[in-house]
Amino acid sequence: MDKLTIGAQPLMFPMPAVLVGSNVNGKANYMAVAWAGVANMAPPMLCVAINHVRHTYKGIEENGTFSVNIPSSSQVVETDHCGMVSGAREDKSAVFETFYGKLKTAPLARECPVNVECKVFQKVDCGSHVLVIGQIEEVHVSQDCMTDGHPDISKVDPIIYSFGDSGYWKVGEKIGKGFSVGRSYKKE
Ligand SMILES: Cc1cc2nc3c(=O)[nH]c(=O)nc-3n(C[C@H](O)[C@H](O)[C@H](O)COP(=O)(O)O)c2cc1C
């Protein structure tokens, strides 16, 4: 298949749209983040790429804690708002109802079906953004989003963010089971 080169860009498909929360001067602040992923299994860690200038980053520096909140597709407006407006200019503390878990300085957005509490493990300054690696201290999931003891992606209904068109998407259909469908692979 013919290919086009499109230049070095921070491209990844799919990207999530999550809300990173921190307390800045004691007030909860949430920002939209698409550059987020899993960093480690044992101990469990997440990582998020945060621009130095973000108000949320001030709170991460201040407390050494933050949260990653996974919104549902029904919260796309609130999520985008938190990605367009800085807490440095406008108070975003009332966009979500905040609660606290184990970490008393990592604000958790109650309306989001999944909330992950993180303690900063390490920060890697990559240039424009700091890759903040957080050790997960606790995970909260809305009861109605669980199936057989696990968070259920179809119930959580997370938002997918797409590179290029800056679109918000919903999760599509299940196409197979991991560590399983590969068994039917046949070498040509
Ligand atoms: C969908 C979306 C994804 C974003 N992803 C990131 C990201 O991964 N890292 C980042 O530093 N900023 C990202 N932003 C920009 C911040 O969310 C935005 O600058 C926000 O206003 C920062 O808020 P704060 O200054 O209150 O922290 C994203 C914005 C949107 C709309």
Side-chain angles (χ1 to χ4, degrees), residues 7-40 45-100 103 105-134 136 153 156-172:
Q9 304 185 50
L11 169 63
M12 180 54 69
F13 280 131
M15 287 193 280
V18 296
L19 291 152
V20 171
S22 73
N23 271 1
V24 188
N25 300 323
K27 190 173 264 187
N29 191 69
Y30 300 95
M31 69 174 274
V33 163
W35 299 349
V38 172
N40 199 46
M45 292 185 192
L46 286 181
C47 58
V48 290
I50 311 276
N51 191 295
H52 294 264
V53 304
R54 306 292 184 236
H55 196 58
T56 308
Y57 187 65
K58 281 202 183 76
I60 296 175
E61 288 274 71
E62 191 183 318
N63 302 296
T65 60
F66 64 98
S67 65
V68 175
N69 305 272
I70 303 180
S72 270
S73 67
S74 61
Q75 286 141 4
V76 69
V77 171
E78 291 84 350
T79 302
D80 198 46
H81 174 72
C82 288
M84 293 193 303
V85 173
S86 174
R89 297 176 59 125
E90 195 180 309
D91 181 0
K92 291 187 276 184
S93 63
V95 176
F96 298 99
E97 186 190 327
T98 293
F99 72 103
Y100 292 90
L103 301 173
T105 52
L108 305 167
R110 190 175 298 283
E111 294 87 342
C112 294
V114 180
N115 318 96
V116 184
E117 299 187 55
C118 296
K119 202 165 65 185
V120 174
F121 169 70
Q122 213 165 305
K123 289 179 289 183
V124 183
D125 189 342
C126 300
S128 61
H129 288 59
V130 180
L131 187 68
V132 183
I133 305 170
I136 298 171
I153 191 167
V156 171
D157 188 19
I159 304 168
I160 293 168
Y161 185 65
S162 66
F163 184 91
D165 72 343
S166 305
Y168 292 112
W169 296 71
K170 278 167 75 78
V171 171

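Just follow the structure's listing: the first ligand is 1, and inside any ligand the first atom is 1. Computed from a prediction, not measured in an experiment: that's the story for all the values here.
When all heavy atoms of C118 and G134 are compared, the closest pair comes out as CB-CA, 4.1 Å.
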**Test side chain to side chain contact (heavy atoms under 4.5 Å, CB included) applied to T79 and L19, step by step** = CA-CA 7 Å; T79 302; L19 291 152; 4.0 Å; yes
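F66 pairs by the ring pair (Phe, Tyr, Trp, His ring centres under 6.0 Å) definition with nothing, not counting sequence neighbours. Listed by chain and residue number, Y161 satisfy the ring pair (Phe, Tyr, Trp, His ring centres under 6.0 Å) test with Y168 (two or more places apart in sequence, or in another chain).
Under the ring pair (Phe, Tyr, Trp, His ring centres under 6.0 Å) criterion, the residue pairs touching residues 9-31 are Y30-F96, with sequence neighbours excluded.
The local environment of NZ in K119 is sparse, with at most 12 non-hydrogen atoms from other residues, nucleotides or ligands closer than 6.0 Å.
Taking a heavy-atom cut-off of under 4.0 Å, ligand 1 is surrounded by N29, M31, A32, V33, A34, W35, A49, I50, N51, R54, H55, T56, D80, C82, G83, M84, V85, S86, G87, K92, H129, Y161, Y168.
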